[in-house]
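So the structure is just underneath, and the comments pick up after that.
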Number of protein chains: 2
Amino acid sequence: MTATTAPSVDMGLSVEKMEKVAFILKTTAHPTRIAIVQLLAANDSLSVSDISERLNVEQSLLSHHLTGMKLKGILSSTRDGKNIYYALKMREVIDVIQCLAACTFL
Amino acid sequence: MTATTAPSVDMGLSVEKMEKVAFILKTTAHPTRIAIVQLLAANDSLSVSDISERLNVEQSLLSHHLTGMKLKGILSSTRDGKNIYYALKMREVIDVIQCLAACTFL
DNA sequence: CAAACTTATGAACATTTGTTCATGCATACA
DNA sequence: TGTATGCATGAACAAATGTTCATAAGTTTG
């Protein structure tokens with residue numbers, strides 16, 4: 001046991017993994033964004049106004065959340081006519097959710 | 001917020017679970033606190049100065065992190081002489097970490 | 001083209017979170 | 001006692017995050 005740059009304490013989850021998961025959960029750890037992820041996990045792709053109506057979140061605020069999540073690589077978007085459709089891009093988001101869903105204890 | 005009290009989209013992880021996990025990860029999603037959790041997952045109980053030395057974090061700042069985590073129910077502390085020993089309290093923290101560690105994809 | 005619709009954007013502001021510094025408080029020990 | 005050690009605390013500040021509002025920009029349709 002040399003002291004310093006230990007890559008991971010022997011607990012199964014490396015610092016790297018932990019930080020990746022933390023990033024994902026941290027950037028989605030907000031009621032609105034959680035709901036967005038839920039919707040997009042169940043719906044594959046939705047327009048902004050779809051989401052806005054379903055979640056009852058005002059357009060501008062929602063847009064900020066969406067573009068933020070897109071910037072961080074979690075969502076993707078494509079235009080179709082005057083609508084813009086968002087979808088889950090980062091596969092790990094679903095992975096993490098499924099992984100956690102499989103844990104029965106919570 | 002009337003219409004959207006849907007308990008969980010059918011994706012396995014309820015909003016409630018998701019928010020609990022998010023809470024855990026969000027409150028630990030910080031380099032120093034991640035390291036703290038790692039240490040305490042591997043060591044059962046450590047004094048503040050132990051942690052301070054190992055992580056090379058200044059006393060006061062560390063103390064703020066520790067008391068914050070304690071306030072949120074994640075850590076516990078007991079005094080022994082002039083030292084105060086911190087330990088992981090919230091079992092779910094370890095659970096979540098182990099759960100994520102079991103997921104191979106990341 | 002103009003009007004209507006959908007989404008993005010940016011500025012101002014509010015709130016939360018992280019950091020530092022100085023100081024206080026408790027315990028041990030000479 | 002009083003002095004040193006270990007930790008907490010609170011104020012001041014910094015930075016990140018969330019929210020609102022007004023407005024712009026891209027698309028369709030009449």
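Below, chain A is the first sequence line, B the second, and so on; all start at residue 1.
- Across the interface with DNA chain D, nearest-nucleotide mapping of His64(A) and Ser49(B) shows Ser49(B) to be the residue nearer the 5′ end.
- In this structure, the CD atom of Glu53(B) is 8 Å from the P atom of dG6(D), given to the nearest Å.
- Put simply, the side chain of Asp50(A) never gets that close to the backbone of Leu46(A): no donor and acceptor are under 3.5 Å apart.
- The distance between atom NZ of Lys82(B) and atom C1' of dA8(D), rounded to the nearest whole Å, is 16 Å.
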Next item on the list: Kindly indicate, with the supporting measurements, whether the criterion side-chain contact (heavy atoms from CB on, under 4.5 Å) is fulfilled by Phe23(A) and Glu92(A).
Entry: CA-CA 11 Å; Phe23(A) 167 79; Glu92(A) 289 92 332; over 6 Å; no
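- Checking the phosphate oxygens (OP1, OP2) of dG18(C), a side-chain nitrogen or oxygen of Arg33(B) falls inside 4.0 Å.
- Protein atom CG of Leu62(B) is 14 Å distant from nucleotide atom C1' of dT9(D), rounded to whole Å.
- Across dT20(C), dC7(D), dA8(C), the shortest atom-to-atom separation from the side chain of Ile84(A) is found for dA8(C).
- Evaluation of atom-type donor-acceptor distances gives a pair under 3.5 Å for the side chain of Ser60(B) against the base of dC21(C).
- Atom C1' of nucleotide dT6(C) and atom CG of Leu66(A) are separated by 13 Å, given to the nearest angstrom.
- Here Tyr86(B) reaches the OP1 or OP2 of dA8(D): one of its side-chain N or O atoms lies under 4.0 Å away.
- For His30(A), a side-chain nitrogen or oxygen approaches OP1 or OP2 of dT19(D) to under 4.0 Å.
- In this structure, Ile34(A) places its CD1 atom 11 Å from P of dG18(D), rounding to the nearest Å.
- Side-chain N/O atoms of Thr67(A) and base N/O atoms of dT7(C) include no donor-acceptor pair closer than 3.5 Å.
- Within 4.0 Å of Tyr85(A), counting heavy atoms only, lies no atom of the nucleic acid at all.
- Here dA26(C) presents its C1' atom at 14 Å from CG of Asp80(B), a figure rounded to the nearest Å.
- Of the two residues near DNA chain C, Ser47(A) and Glu58(B), the one whose nearest nucleotide lies more 5' is Ser47(A).
- A 4.5 Å side-chain heavy-atom check between Met69(B) and Tyr86(B) finds every atom pair outside the cut-off.
- Among dG6(D), dT27(D), dT7(C), the nucleotide with an atom closest to any side-chain atom of Asn83(B) is dG6(D).
- Mapped onto DNA chain C by nearest heavy atom, Lys72(B) and Gln59(B) fall at different nucleotides, with Lys72(B) at the one closer to the 5' end.
- Screening Val57(A), Leu62(A), Thr28(A) for a side chain to side chain contact (heavy atoms under 4.5 Å, CB included) with Ile36(A), the sole residue that qualifies is Leu62(A).
- Computed from coordinates, the Lys70(B) NZ to dC7(D) C1' distance equals 11 Å when rounded to whole Å.
- Panel note: side chain Arg33(B), backbone Thr27(B); a donor-acceptor pair is recorded below 3.5 Å.
- Going from atom NE2 of His65(B) over to atom P of dT16(C) covers 18 Å, rounded to whole Å.
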